[in-house]
Every structure is written in C-alpha cells, then in structure tokens.
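Heads up: the structure comes next, in structure tokens.
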Amino acid sequence: MSPLNIKKGSSSHSAYDLRDPNAEVIESHTLAVIVDNESGVLARVIGLFSGRGYNIDSLTVAEVDHEGHRSRITVVTRGTPQVIDQIEAQLSRMVPVHEVHDLTAEGPSVQRELALFKVAGKGDARIEALRLAEIFRANVVDSTLVSFVFEMTGTPEKIDAFADLMRPLGLVEIARTGIAALARGLSNFPDAS
Amino acid sequence: MTKAMTGARMVVQALKDQGVEVVFGYPGGAVLPIYDEIFQQNDIRHVLVRHEQGAVHMAEGYARSTGKPGVVLVTSGPGATNAVTGLTDALMDSIPLVVLTGQVPTFMIGTDGFQEADTVGITRPCTKMNWLVKDTAKLSETIHQAFHVAMKGRPGPVLVDIPKDVQFATADYTPKDRIRITHYQPKTAGDPDQIARLVEMIETAERPILYTGGGVINSGPRASQLLRELTAATGFPVTSTLMGLGAYPASGKNWVGMLGMHGLYEANLAMHGCDVMINIGARFDDRITGRIKDFSPRSRKAHIDIDPSSINKVVRVDVPILGDVTLVLEETLRQWKARGSKTNAAGLAKWWRQIGEWRAVKCLTYRNSDKVIKPQYALERLEALTKGRDRYITTEVGQHQMWAAQFLGFEDPNRWMTSGGLGTMGYGLPASIGVQIAHPEALVINVAGEASWLMNMQEMGTAMQFRAPVKQFILNNERLGMVRQWQELLHGERYSSSWSESLPDFVKLAEAFGCKGIKCSDPRHLDDAIMEMLDYDGPVIFDCLVEKHENCFPMIPSGKPHNEMLLGDADTQGVIGSKGAVLV
Ligand SMILES: Cc1ncc(C[n+]2csc(CCOP(=O)(O)OP(=O)(O)O)c2C)c(N)n1
Ligand SMILES: [Mg+2]
C-alpha cells in the first residue's frame, strides 16, 4: 500500500480515491510461512506480494520436511500494522499454506543470514581485509594470490557492516542468502517439537 | 476399489462422482480425449458455448443460482486465455467454479508449442488455487481436491490444467472418498466469546443496522432463513450489498433497501448514522464505504466473515467473527435467546422514526414521461408483470444494472445474478443461459444494456441450440450510459467515446439467430410488449428503446462519504437542494 504520488484533493475528479487513507508508521516484520513444496506455490506466495503491492525485503525458501514435502519461506516485509496483519491473513487463507507466523510479533527470534564476499587486492589492503575478517569471524573459503572469498553468517546488519568495511579494500562481488529466522525458546511450531 | 483407466476417462468419472450434471465448454486439440469420453456417456450434459468467456459466465450463473459448483472445460492456449475474465469475475464474487483446461503434452511444455500458454501462470492470480497435473496417477485426486477447494471456506474458482499425454495415459482411479484429506479446512464456527460480544451489542444498540452481503447467500439457504429470523426477532433494519440481494426479502418489513454508491438514501444514511453495525458476509467494498475516513464514524462494528483477510482489510472492526454465516447466526441467536432476547426497544422505535423520515424522501423518484420509456419505468413494469413468478434475474454492467437492483424486488436468495466485484460487461447473457440450464422451467431474464449485451451476444446461438428460453431485456439508451453519466458529472460533459453507434437492428438480429425479436419505444405499448416476451416459448431479444440521457440516482460520488449523496432532479426532491447535492 505504498502511497501514490498524487496531489491531495485530486480524487474528486477521479473515478477512484487514490490517496492512502492510513499512512501510519511503517514496521518491518519477519514472517515464517510453512507451505506445501509443490510447483507454483512459491510463485503464488510471491504473486500475492507483488499483486497487492506489499514489500519483500528478504526472502528465503527451502524444503524443511522432506517426507511431508513442506517448505519454509522466510520473508521480511514492511508496512503499517494494518498491512502486516493483512499480509498474514492473506497468506493464511491460501490453500497450500499450512502455517503463518509473524516472528516479529510473536516474541524474540534469532535471525541469520549467510553471505559470501569476494575481495580482490594485494599488499596492505589484502592484509587488512584478512585482519578484519578475523575480527568479524568470517572464514576464508577460497583464496588466490590476488583475491579472497570470505564466508560470514550473522545478522543482516553485521553483513552490511562487513560489506562497508570491505568496499574500500577491494570488494568486487557479494552474494547473500536472505534471512533465515526462528523464534527463540520452545516455539509453538509443531515441526520444532 | 481403484480401477485403471485413461486420464480422459478419469476426468469424466471424477465429474460424475462429484455429482456434476452439466459442463459448459468448447473443444480443441488439447482436450479431444476428454471430449471423446464425453461423447461416449450420457450422465453428463455438455453445453457447447460460442466463446470460452461465455462458458465461464454460464457456469457462474449455474453456480450462483443452484449453490453447486459450475464446471467448465476448455482447450489449451486461447481456450484458457479466453476464460481469464470469467475466472477473475468468479474470484471477485466468490463463485465456486472448477475449470478444466487442456495443455500441450508434458514433453512439449516450455517449447512454445502450438497453442501452448502458461495457463497456471496466467491464472494464478485469478484462481483460488490451480494445478498443473503432470502425472495421470494424480489426476483424479487433484480433481476431487479441486471441488473441495472451490466449495470450502470462501468459495471461488479453481483450475486444473491437464496435458494431453496425461489424458491418454492410464493409471488407477482414486474415488472421491479415498483422497488424502487435504489440510485445507477453513474455520467455520465462530468464536463463542466474540459472538457473546456481538450479542451484547445487539442488546444495547440504539441505532443498529444489519449490513448483509453475498456471504449470506454463499453460506446456503439456511443462512437467509436465520437472517430473517434474527431480523424478525430483533426488529433491526436490514440493508444489503448488490451481491446479497434476496437474502432478506424486499417485501420484508425491515428492509431498507440496497446500500452503496447507487444504494438507497435511507440505507446509506442508516449506515452513516448507526451506532451498531453488524456486517454479515459483506466485505466493506469501496462501492459501499465511500470515503473510509468518514465511513459510519460513530458506530461500533461487528464483522462476520469466513475469510480472515476480509476482516480489518479496509475498515477496522470492534468485534471480528471468523466463521460461516449460518453457524455464526445460529450461535448468535442461541446466545441472545438464552440471555432473554433483549433489545433496546425505546432506542429502536426512535431509530425507525428517523429511518421513516429518510424513506419519505423517496429517493428513487424519477420524472416519468408519456413520450419516451424511462428505464426506471420499464423496470417497474417488468417487476409488476413478473411478480410472483418463478423468476431469476441476471444483468450486464452499467446503469441498467443499478436500476435493476433498485427497482426489482428479490424475495429469495440465488435469484439475482450480477457481476459485482469485477463489473464485467458481457456477463449477463451467458449467465442467464447458465441459470436457465439449471432451472429449465423458470423465467430467466437478463436485464441488459445494449453495449454490454453486444460483448457476448454470440451466446444467443447457445441459447437456441440448447433451448434455453432466456429473455434478453435490453434497456437500449444507445449510450455507454454509466460512462456517459460519469462524464456528465465529473468530466465537464465531454462525452468521449461513450455512445453506441452502428448498433445492429436487434429484431433482425433475433431473427438471424432464429429467436424472437421485440422492439418497443412507446410507454403505452410497453406492457403488451413485455407480455409478448413473457408469453413466447423461446429466447427473446427485447429492444427497449429508453431515454438516452437518464442518470442513475441516488449516487455517492467515488471517494465521498455516505452523507454526500446526490439525489435525482425529480420535482419531489426540490426540497433537498436545488443542485440535488445533499449534505446531512
Ligand atoms: C468489460 C468492460 N469494459 C468496460 C467497462 C466500463 N463500463 C462500465 S459501465 C459501461 C457502459 C455500459 O453500457 P451499457 O451496457 O449500454 O449499459 P448502460 O450503462 O447504458 O445501462 C462501461 C463501458 C466494464 N464495466 N466492463
Ligand atoms: Mg446503454
């Protein structure tokens, strides 16, 4: 429900009221969605977001139950509280969706992302990159005489911070998985117990 | 007992097991094996349409008038893409449909084969669920699931895409009662604690309104009965959306008429001024609410809906009740009676006096004429001359649709078929055929505008072939009337492309199809002409030439609140304000 750039009051000459009626605070929420791992299901879930104008900041999907053919989709989205509720309701009524959990609303959760960074450089820059990688607990998973690939797991903020540091030291490429998240403690997920 | 058979036979077997009697469809290369199976049996009737859009609207008419799912069979590629409008229409209006499409063989998918289209991709956003079946062993189970999903919870269209090699291959048939239970089991009983809060609202309400919608009709005839019981017992006023007409009888004492953009003055002002709003199976559509910020500002609201995403989507409510209307109303009545069947009688009496004042405005008054037929008059006469008959009405989309909703009275559910959510011109003619196929003895009338009617007029061929004696009552204003009205009111009377030129001679057109054509332009001859239409044993195209510049009132301009309603310019309304704009 992104507010449209239309002058206030312009609606009186339009067929539709184009102003956003509830421009409230925007929140970021992480949702975990358990779905049947069947063809088209991911497209259906993503189509809901694009079709209804919701945001996707991060998205990860993988089958988590091979026997039951269930996948877990973790999606980070943004919106007013009403929009977030609406996204949850829209997801939960979808036929192939088994469960929807708003991890942000349901209590504390752990969120992690994996990233790979390719850093090219020689001399001091190279040494500095390696030193920072150690501080950040990034692993070297590939190295040549002129480059490293670092692997790091952490919160998105930590990955951003590391990327910022690597940029002047020769960062040439970055690959990120998007967020995987779980509620802290014993969650009410049946597949966790 | 599982039995081996081809995929094509499985399709027909699964439809029989689901109790399907009629399939609306159109053949093509990718569904020939299924057509071959249809040819070799007599239990399922196939209605050959003239365009796949027609098939889907017919199935909608069939479904809406029977409460059973409508079934469609079309070929791949263009057959499937032609079905898209109907699917979207059914999704918006919660009509249960099972649409079967042929597809190129599995080994050709993705090669841009002849008549290949990504049908599940194209129809994903316009179906409740869809499936591409790549393995014959899964076909019968998928079709049974499809029926389950179409009917359960909030009904809607589903689609099963069946590649041609899957139709030819053989596998074991899974009977209906042997399918894996799907997890899709939407909640149907309302939360008793929330219902208790609703009951308290009922007990104390001073200015209540029951705001009912298509969900009452989708919930089944019992829901309409319970609504009538609740209304009679509480004495509350009832209004309804376009989709809910007939759930409460138009002749009922508590009926305040349809609400919304072209709803009645009393209904909209009651919505605006109420202190308790009980939404039963409606969804706060923008044609209903007008400007959200000013929508019924002083009321506490309860909302009964089977779809969790409908609740709090546009209007925040105080008492959300997720559940099926029938079950929720049963529980509401039970709790309310158990607590002594209380209402606020003094408040109610005052409220009804207020509603009486609004009614006295007589918002549907129009200036009649003895020279030209006014569309409202045509509908009044149609109503008078068909009253009490076993009657079903469909409509196209436009002014005529709104007038039909205003001037025809519906006494029972499932008697009124109209495209509400999508507003699809071209819906009414095929829908009327679908209704007639389901109710061969009934009187089925499509109240049409000439422009909409032309959009699917090829289906007159279907009506002729299948002896569906549908009456096409065309209110011909030679205008895209609703568009013209908006241009008059909002675009400085610049009538950009909103007139119907080069119209066919509808009487000759009727003759060309082999049915009866009637033309009438004189109000004095109207009754006789309508009787001639009703007495004719077969399809009729009735060209009713009406006033060309009539506007449909009342009207709440888009984005305005309920109390900024425009009334007509009829004499009786002079008291309201010279410009017809009312601010209450
Ligand atoms: C398929 C489609 N295209 C366009 C519209 C926009 N539209 C709404 S009403 C209308 C005019 C309908 O004219 P007619 O059927 O003659 O009915 P009238 O309003 O004159 O009664 C149009 C073009 C629509 N609803 N559906
Ligand atoms: Mg017209």
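Chain letters run A, B, ... following the sequence lines, proteins first, then strands; residues in each count from 1.
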Is there a donor-acceptor pair under 3.5 Å between the side chain of B:His183 and the backbone N or O of A:Val97? yes
Flag the one option from A:Ala43, A:Ser39, A:Gly47 with the top tally of heavy-atom pairs under 4.5 Å to chain B. A:Ala43
Is there side-chain contact between B:Ser309 and A:Gln86, with at least one heavy-atom pair below 4.5 Å? yes
Taking all atoms of both residues into account, what is the closest heavy-atom pair of B:Lys128 and A:Val95, and its distance? O-CG2, 4.0 Å
Between B:Asp307 and A:Gln90, is there a side-chain heavy-atom distance shorter than 4.5 Å? no
Give a yes or no on this: more than 12 heavy atoms of other residues, nucleotides or ligands lie within 6.0 Å of atom CG of A:Asp164. yes
Does a donor on one side chain sit under 3.5 Å from an acceptor on the other, for A:Arg44 and B:Thr127? yes
How long is the span from the CZ atom in B:Arg316 to the CD atom in A:Gln82, to the nearest 0.5 Å? 4.5 Å
Less than 4.5 Å apart, side chain to side chain, heavy atoms only: is that true for B:Lys313 and A:Asp85? no
Is it the case that more than 12 heavy atoms not belonging to B:Lys138 sit under 6.0 Å from its NZ atom? no
Please check if atom NZ in A:Lys122 has more than 12 non-hydrogen atoms from other residues, nucleotides or ligands closer than 6.0 Å. no
What part of B:Val149 gets within 4.5 angstrom of chain A, counting heavy atoms only: side chain, backbone, both, or neither? side chain
Rounded to the nearest 0.5 angstrom, the OH-NE2 distance for B:Tyr184 and A:His98 is 12.5 Å
